[in-house]
2 protein chains.
Amino acid sequence: MGFGQILSRIENVIPKLTQSEQKVARFVLSVPEEVMFMSVQEMASRSLSSSASVVRFCRSLGLKGFPELKVALSADLAQDQKSGYYDLNKNENTTDLVDKILSNAVQSLRDTVGLLDTKMIEKTAHDLYNAPAIFAYGVGASALVAEDIAQKWLRLGKNVYALSDIHVLTMSMANAPKGSVFIGISYSAATKEVVQLMKFAKKMGLVTISFTGFGKSELSELSDYNLFTSLAPEAKVRSAATGSKHSQFFIVDVLYYVCASIDIETSLDKIQRTSDAIQDLKQFDTTDRSNREKND
Amino acid sequence: MGFGQILSRIENVIPKLTQSEQKVARFVLSVPEEVMFMSVQEMASRSLSSSASVVRFCRSLGLKGFPELKVALSADLAQDQKSGYYDLNKNENTTDLVDKILSNAVQSLRDTVGLLDTKMIEKTAHDLYNAPAIFAYGVGASALVAEDIAQKWLRLGKNVYALSDIHVLTMSMANAPKGSVFIGISYSAATKEVVQLMKFAKKMGLVTISFTGFGKSELSELSDYNLFTSLAPEAKVRSAATGSKHSQFFIVDVLYYVCASIDIETSLDKIQRTSDAIQDLKQFDTTDRSNREKND
DNA sequence: TTAGATTAAGTAATATTATTTCAATATTAT
DNA sequence: ATAATATTGAAATAATATTACTTAATCTAA
């Protein structure tokens with residue numbers, strides 16, 4: 001591709017341009033996203049220059065002509081999509097709504113990556129790798145995250161419990177072997193039950209991990225390791241924890257990969273066994289004649 | 001908000017286009033990076049159609065004209081550079097790993113948005129809004145999606161069931177009132193239990209929705225509405241359905257917002273009641289003296 | 001089946017947009 | 001000051017995009 005960052009290239013060449021080309025340049029820098037849809041004549045009048053100058057400006061950038069400028073701008077703007085947080089309005093058309101939800105999700109993920117402490121991730125993954133048992137707990141949307149953790153580490157052959165019944169979970173932890181891990185999940189960091197269990201886990205000598213929204217909290221203070229997700233401005237409708245859920249799952253993904261990487265051969269082997277098991281299961285279907293005949 | 005993902009949008013609309021427009025569409029998909037620098041006439045001759053068909057094709061995509069197609073393509077291609085699908089290597093340092101997982105997640109979401117049929121979303125949301133009861137079912141990772149659906153529509157005051165016990169779920173559906181909805185979730189579209197339930201739901205006259213990876217399948221054919229997620233190249237370690245899970249949750253988010261928007265005042269009111277309920281619950285804590293004294 | 005209606009698609013006319021030419025004006029060097 | 005040079009925009013031209021119109025093809029209903 002010829003044109004990399006056209007915007008910064010414009011900034012660089014400005015001093016070398018003639019006056020009227022500079023006018024064009026500054027105009028492009030001021031509203032690049034509008035320029036993409038303008039004609040030369042419109043550009044000329046709005047930048048107080050002439051169509052000839054617009055074309056000359058494009059040539060000065062090394063482009064073949066004005067249409068190429070549009071294409072170059074589009075590529076540039078698409079790259080550093082800032083994708084910030086957007087609020088959802090009342091009578092929004094569905095397409096815009098989808099774009100905004102996407103943007104919010106992406107931004108939330110990016111912010112979470114920004115907060116990620118890789119050393120902390122590695123240590124946490126290591127402790128999980130060595131844990132004889134893993135307990136994960138969260139309520140509401142966070143219960144889904146706990147369940148995701150269970151499904152993932154199950155595939156790595158771990159003893160992992162994401163029990164929703166707090167009494168049963170407490171009893172399980174009471175007899176947990178040394179080195180076992182408790183993961184408490186609460187985006188708000190304020191869920192009473194999670195804090196309770198975290199305190200109990202500490203008392204039992206378990207390794208403790210918290211998944212919370214960014215910031216100091218009783219929960220994060222209590223835990224040995226804390227993995228933060230970004231704090232998104234959560235609006236009313238959003239309150240079912242949309243952006244934050246993506247971030248929480250993302251952290252689980254990361255932890256899972258890092259943990260599996262510690263001994264990738266063994267991990268892949270164990271994952272394969274779980275896949276095979278599902279395949280095998282079908283073989284025992286008593287109603288599917290063709291299948292049975294093939295296999296016995 | 002701009003036009004996202006023009007390439008997958010093209011793939012999506014191809015079936016609905018006229019023959020000569022399809023020729024244009026396929027040509028664009030084959031050499032998008034050349035199209036950015038072509039004229040309408042060149043496009044017409046190279047795609048073995050006419051300039052009129054080229055313009056009509058652009059209109060069919062919702063664009064104003066051909067120049068906008070160039071701009072859209074440029075944006076799309078620039079994005080792909082930034083976040084494609086990456087394979088995870090063996091001795092990767094954690095920072096790179098995190099970047100790749102992020103990139104994969106983002107790409108998966110973007111591709112899913114590209115495949116999204118907004119009309120389908122709207123119709124689906126409407127049927128969910130009017131449903132006297134909603135049943136969601138998935139196994140493994142898809143069970144989490146079903147549970148997410150349950151939690152979200154619960155907040156909108158719906159009768160929604162994400163039972164993991166297939167017998168209990170079947171029995172619930174047997175007496176479901178007219179207009180009830182069944183949502184079958186299977187990324188592979190091949191999960192036997194989901195297909196079974198889908199067939200049963202149809203027999204019972206329920207409105208049926210499938211959440212599957214993109215493409216024709218028995219499951220998608222059976223259902224009244226199908227909402228596709230992008231098909232990511234899933235590697236071994238990834239097999240715990242990482243990228244696709246984000247996409248599935250994303251679609252749930254979109255459906256939820258669109259559904260809530262149908263009557264936003266009522267929806268907000270109901271959501272508020274669920275939040276208040278959780279707050280209220282604390283008040284009944286028998287152990288917390290200070291709290292009790294404040295409230296009774 | 002067939003007349004009439006509808007849709008699709010390409011050609012040619014037109015409108016729009018981009019580029020070049022050129023004369024006027026400004027700037028610089030001597 | 002004046003010739004040489006550079007810059008500029010209006011207007012001409014070239015190019016490109018869009019529309020209008022014709023014809024062919026497909027569908028529909030009697």
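Throughout, a chain's letter reflects where its sequence line sits, starting with A, and its residues are numbered from 1. Computed from a predicted model, the values in this text were never measured in an experiment.
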Practice item. Consider only side-chain N and O atoms of B/Ser247 and B/Thr229, and report whether a donor and an acceptor are under 3.5 Å apart. Key: no
Exercise for review: Starting from C1' on C/dA8, measure out to CD on B/Gln22 and report it in whole angstrom.
Suggested key: 13 Å
Practice item. Grab the NZ-C1' distance between B/Lys70 and C/dT17 for me, whole Å please. Key: 11 Å
Practice item. For the pair B/His246 and A/Phe249, name the ring-plane relationship: parallel under 30°, tilted 30 to 60°, perpendicular over 60°. Key: perpendicular
Review point. Can B/Glu21 and B/Thr18 be counted as having a side-chain donor-acceptor contact under 3.5 angstrom?
Key: yes
Point to revise | Nucleotide nearest A/Ser50 (side chain, heavy atoms from C-beta), chosen from C/dA9, C/dA18, D/dG9 | key: D/dG9
Check your understanding: Do the side-chain N or O atoms of A/Ser49 get closer than 4.0 angstrom to the phosphate oxygens (OP1, OP2) of D/dT8?
Key -> no
Exercise for review: Check whether any side-chain nitrogen or oxygen of A/Ser20 sits under 4.0 Å from OP1 or OP2 of D/dT8, and answer yes or no.
Suggested key: yes
Exercise for review: Find the distance B/Lys23:NZ to C/dA9:C1' and express it as a whole number of Å.
Suggested key: 9 Å
Point to revise | Spacing of B/Lys270 atom NZ and B/Leu268 atom CG [to the nearest 0.5 Å] | key: 12.0 Å
Practice item. May I ask you to decide whether A/Lys245 forms a salt bridge with B/Asp148, counting only side-chain N to carboxylate O separations under 4.0 Å? Key: yes
Practice item. Would you kindly give the CD-to-C1' distance between B/Glu21 and C/dA9, to the nearest whole Å? Key: 10 Å
**Study point:** Nearest-angstrom distance from the residue atom CZ of B/Phe37 to P of D/dA17
**Key:** 14 Å
Practice item. Would you mind reading off the distance between A/Met43 atom CE and C/dT16 atom C1', rounded to a whole angstrom? Key: 17 Å
Review point. Do B/Lys119 and A/Thr94 come within less than 4.5 Å of each other through their side chains, counting heavy atoms only?
Key: no
**Study point:** Atom pair CD1 (A/Ile101) and CG (B/Leu109), whose distance is rounded to the nearest 0.5 Å
**Key:** 11.0 Å
**Study point:** Salt bridge A/Asp76-A/Arg9, side-chain N to carboxylate O under 4.0 Å
**Key:** no
Anything under 3.5 Å between a protein N or O and an N or O of nucleotides 18-22 of chain D, put it in a table, one pair a line.
from	atom 1	to	atom 2	distance (Å)
D/dT18	OP2	B/Phe66	N	3.0
D/dT19	OP2	B/Arg59	NH1	2.7
D/dT19	OP2	B/Arg59	NH2	3.0

Check your understanding: Can you tell me which stems DNA chain C forms when a stem means 3 or more consecutive Watson-Crick or G-U pairs under 3.5 Å?
Key -> C:1-30 with D:1-30
Check your understanding: Just how far, in rounded Å, is C1' of D/dA17 from CG of B/Leu63?
Key -> 14 Å
Exercise for review: Look only at the side chain of B/Glu42 and the backbone of B/Met38, and say whether a donor-acceptor pair between them is shorter than 3.5 Å.
Suggested key: no
Study note, to complete from the structure: Taken to the nearest whole Å, CZ/A/Phe57 to P/D/dT7 is 16 Å
